[in-house]
Amino acid sequence: MNVDIVFEVIRKRWKQAAILVLLGSLATGVILFIQKPYFRSSAVFTAANPNLGDRSNIYRTEFWEQYFYYGGEFDNDRLMALARSEEMCRFMVDSFRLMKHYKIDSSNVRAAYLADYEYKENVHIHKNEFGHVKVNVWDTDKQLAAAIANAIVTRTNQKSVASSNNMKLEILQKLQHDFNTQKDTLQQIEQQLQLGADAFLLARKTDIINRLNETEKLIQQFNTSVNNVSSLFVIEEALPALKKDKPKIIAGVIMAAVVSFIFSVLLLLFVEWRSRSKAS
């Protein structure tokens with residue numbers, strides 16, 4: 001398309017173009033103005049070293065070794081996956097009664113889906129420029145937005161700690177089973193020794209006693225390691241916003257003006273082409 005033709009059409013029909021741009025900008029401004037304001041609250045956290053509450057660290061005696069209190073990239077990925085999980089979404093929707101807050105009819109067969117969709121539209125979890133996990137929550141209620149963001153962080157920590165403790169409890173069950181088995185074996189050996197001394201049985205008894213002491217020590221250590229040591233560090237707690245985050249009226253009006261101008265030029269070019277076609 002010849003650019004000269006475009007400028008000619010704009011020069012010839014600039015009033016019509018100006019009216020279209022004005023109407024488009026005005027309509028967009030009115031729509032954005034009557035929309036409810038949304039406030040954003042943000043919480044930032046980073047992973048703690050998963051070994052902080054582990055028995056190997058709790059009972060460590062050589063403190064000359066350098067020990068990192070913060071976790072790595074994969075630990076942040078794991079926590080972010082928990083924060084983004086479907087279970088987290090359902091928990092927040094139920095805990096804060098968001099179905100009622102979003103004005104969704106609970107009798108609707110799609111009510112759960114609609115609440116889930118609305119929640120995910122208003123919650124965005126990602127890594128910031130420092131590699132930490134950032135939780136952004138938008139809502140028409142500034143207090144609720146901050147509460148949801150902080151609740152996501154708290155719930156993420158609870159799920160992570162519970163997962164770690166469950167693994168330790170499984171190990172504890174195995175150790176306790178081994179301890180009971182060794183104890184039963186010791187009783188059998190002692191019964192056999194009552195019938196007569198035997199060097200092999202005495203050596204075996206000593207070995208089992210040593211193993212029992214070692215297993216009991218491990219049981220005590222793992223019992224201690226089942227704790228509530230936090231799996232994350234909160235860098236920034238979410239606070240109620242001081243001003244609305246969206247809709248951004250000025251930015252929206254400017255964008256609408258640009259789009260309206262492009263649309264008006266294309267429309268006027270089409271009108272000009274039609275008029276010339278009829279004239280010919």
Test side chain to side chain donor-acceptor pair (under 3.5 Å), reference Ser231, set Asn49, Asn157, Thr156, output is Asn157
Any side-chain to backbone donor/acceptor pair from [X] onto [Y]? Under 3.5 Å, distance only.
{"X": "Asn210", "Y": "Thr206", "result": "yes"}
{"X": "Asp105", "Y": "Ala111", "result": "no"}
{"X": "Ser85", "Y": "Leu82", "result": "yes"}
{"X": "Asn76", "Y": "Ala47", "result": "yes"}
{"X": "Asn213", "Y": "Ile209", "result": "yes"}
{"X": "Asn180", "Y": "Gln176", "result": "yes"}

Which distance, rounded to the nearest 0.5 Å, do you find between the [atom1] of [X] and the [atom2] of [Y]?
{"X": "Asn128", "Y": "Lys134", "atom1": "CG", "atom2": "NZ", "answer": "6.5 Å"}
{"X": "Leu212", "Y": "Gln182", "atom1": "CG", "atom2": "CD", "answer": "5.0 Å"}
{"X": "His132", "Y": "Leu232", "atom1": "NE2", "atom2": "CG", "answer": "12.5 Å"}

Can you see which heavy atom on [X] is nearest to which on [Y], and at what distance?
{"X": "Ser230", "Y": "Ala48", "result": "O-CB, 3.8 Å"}
{"X": "Ile125", "Y": "Arg84", "result": "O-NH2, 2.5 Å"}
{"X": "Ser41", "Y": "Lys142", "result": "OG-O, 4.0 Å"}

Considering residues, nucleotides and ligands other than [X], do more than 12 of their heavy atoms fall under 6.0 Å from its [atom1]?
{"X": "His126", "atom1": "NE2", "value": "yes"}
{"X": "Lys159", "atom1": "NZ", "value": "no"}
{"X": "Lys127", "atom1": "NZ", "value": "yes"}

Would [X] end up clustered with [Y] when hydrophobic side chains under 4.5 Å apart are linked, directly or stepwise?
{"X": "Val133", "Y": "Trp138", "answer": "no"}
{"X": "Val135", "Y": "Val234", "answer": "yes"}
{"X": "Met88", "Y": "Val161", "answer": "no"}
{"X": "Val259", "Y": "Ile254", "answer": "no"}

Original post:
Between Phe233 and Tyr70, is the ring centre distance below 6.0 Å?
Top reply: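 Close enough - the centres of the two rings lie under 6.0 Å apart.
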**Request:** For the residue pair Leu114 and Tyr102, establish whether any side-chain heavy-atom pair is separated by less than 4.5 Å.
**Result:** no
**Asked** Phe39 ring centre to Lys244 NZ or CZ under 6.0 Å, with the angle to the axis within 45°?
**Response**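 Here Lys244 fails the 6.0 Å and 45° test against Phe39.
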Problem set entry | No-hydrogen, no-angle side-chain donor-acceptor test under 3.5 Å, Thr215 and Asp178 |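 There is no such pair between these side chains.
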